[in-house]
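Read the structure below first, then the notes.
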Amino acid sequence: HRRMPPCRGIFRLKIQGRSAHAQYPGLGEDALVLGRELLGLLRASGDVRVLAVDAGEAANRVPARCELVVATSYDHLPPLPAGVRAEAVGDGEALPFPVDDLVEAWFAARDAAAAITAEPPRDAVRPRIHVWEHTGWLTSGRDLIAGAISVWVGPGTDARAVVEPMAAAMQRALQGREELELELEVVQDRPALVPTPCDDPLVAAARRALNDAGIPPVITGGRVTSDAGLVQEIGVPTFAFGPGRSGADLYRDD
């Protein structure tokens, strides 16, 4: 039974970050992390209740944006960090009930799950994998909060062997929080792409095409996680093709 708290100001806060692939977070700026830091700043000035949160775009991307709707015990916001835009919510606008408990519970469960995946997988390919666990997006509704967590594991690992310990840790983190239910769904389990031999006819055709185009072909081996692994599993000859060079180039938006 949630009620709108006594408040003097209601604000919509838009935090601008910078997107990047989760494996190279240094190329981006995580707006969801900035949003949590902003809440800490606001709470130092008085009581703050979170009415809504919406952050991120994709499971494997550093969130480039985060929008918060908050109710405050004060009329005017303190000085805000660069990259944060604030606007007062107008009179008469429909507002959701506070979701503070849901937000806190989600992050408590996420942090517990992250602790399970803190260690790198035993057969991780270094330096390709830099991040083992990542929160891609988070959004709240009337009576739920949902987010996406990506976990990178070694080749051949059964997703259930990772998800079940995570679920148990999340449940323990939520003990004592009444009327909360936890639901986990494996949205996609992508197998590693096994390297295609350099003498494979498909690779030879690609080499000829690159030579004809005047592009020096550079062929390397290694395990890569991509949708190509799903195609390879059903027997289609497959290899990964792209800009090459280091991962910092491979994962850039351009």
Side-chain angles (χ1 to χ4, degrees), residues 15 17-40 53-66 102-140 144-175 177 180-193 222-227 229-230 246-248 250-253:
I15 302 103
R18 186 172 61 255
S19 183
H21 193 284
Q23 285 298 337
Y24 280 84
L27 299 176
E29 190 172 19
D30 195 321
L32 183 55
V33 171
L34 297 177
R36 293 185 75 183
E37 294 174 353
L38 178 61
L39 284 175
V53 58
D54 183 25
E57 299 84 20
N60 65 340
R61 303 292 299 177
V62 172
R65 59 168 195 87
C66 176
L102 288 174
V103 172
E104 292 174 8
W106 196 91
F107 278 111
R110 194 290 308 268
D111 292 346
I116 296 295
T117 60
E119 293 299 320
R122 53 181 172 75
D123 48 4
V125 181
R126 290 184 175 276
R128 186 181 302 278
I129 302 176
H130 298 273
V131 177
W132 317 113
E133 176 271 338
H134 168 71
T135 300
W137 58 265
L138 184 67
T139 187
S140 62
L144 62 83
I145 187 165
I149 302 175
S150 293
V151 180
W152 283 265
V153 298
T157 302
D158 182 3
R160 186 173 301 175
V162 178
V163 173
E164 288 183 350
M166 288 175 61
M170 293 170 123
Q171 290 283 13
R172 289 193 296 271
L174 297 181
Q175 286 178 356
R177 300 173 186 262
L180 286 182
E181 294 181 1
L182 172 68
E183 179 179 325
L184 275 75
E185 178 186 1
V186 178
V187 178
Q188 188 180 65
D189 176 17
R190 300 194 299 177
L193 173 66
R223 289 186 176 271
V224 183
T225 300
S226 78
D227 290 335
L230 297 169
S246 70
L250 179 64
Y251 286 124
R252 286 189 185 274
D253 288 342

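Everything numeric in this text was worked out from a predicted model, so none of it was measured.
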* Asked: Do V186 and V163 come within less than 4.5 Å of each other through their side chains, counting heavy atoms only?
  -> yes
* Mind listing the closest non-hydrogen atom pair of P63 and G56 along with its distance? => CB-CA, 3.6 Å
* Asked: Does any pair with a residue in residues 102-112 pass side chain to side chain donor-acceptor pair (under 3.5 Å), and if so which ones, sequence neighbours excluded?
  -> R110-T135
* To do: Might you confirm whether atom CD of Q188 has over 12 heavy atoms from other residues, nucleotides or ligands at distances under 6.0 Å?
  => yes
* Close side-chain approach of E29 and V62, heavy atoms under 4.5 Å -> no
* To do: Taking S140 for its side chain and I145 for its backbone only, find out whether a donor-acceptor pair lies under 3.5 Å.
  => no
* Asked: Roughly how far apart are E181 CD and L144 CG, rounded to 0.5 Å?
  -> 11.0 Å
* Asked: Of all residues at least two apart in sequence or in a different chain, which pass the side-chain contact (heavy atoms from CB on, under 4.5 Å) check with L180?
  -> L102, A105, R177
* Could I get the full list of side-chain contact (heavy atoms from CB on, under 4.5 Å) partners for L38, not counting sequence neighbours? => L13, I15, L41, L42, L80, P81, V84
* Asked: In Å and rounded to the nearest 0.5 Å, what is the CG to CD distance from L182 to Q171?
  -> 5.0 Å
* CG/D30 to CZ/R61 distance, rounded to the nearest 0.5 angstrom? -> 12.0 Å
* To do: Return the set of residues passing salt bridge (charged side-chain N to carboxylate O under 4.0 Å, His left out) with R190 (not counting sequence neighbours), or none when no residue passes.
  => D227
* Name all residues meeting the salt bridge (charged side-chain N to carboxylate O under 4.0 Å, His left out) criterion together with D54; count only those two or more places apart in sequence or in a different chain, and write none if there are none. => R65
* Asked: For A112 and A173, which heavy atoms make the closest approach, and how far apart are they?
  -> CB-CB, 3.8 Å
* **S150 side, atom OG; W137 side, atom CH2 - distance, nearest 0.5 Å** => 11.0 Å
* To do: Would you check if the side chain of R18 reaches a backbone N or O of L27 as a donor-acceptor pair within less than 3.5 Å?
  => yes
* Asked: So, for E57 and A64, which heavy atoms are closest and what is the spacing to 0.1 Å?
  -> OE1-N, 3.6 Å
* **Pairing residues for E164 by the side-chain contact (heavy atoms from CB on, under 4.5 Å) criterion, not counting sequence neighbours** => R160
* Asked: Do F107 and R36 come close enough that some side-chain heavy atom pair is under 4.5 Å?
  -> yes
* To do: Check the pair E133, W152 against side-chain contact (heavy atoms from CB on, under 4.5 Å), reporting the backbone distance first and the verdict last.
  => CA-CA 7 Å; E133 176 271 338; W152 283 265; over 6 Å; no
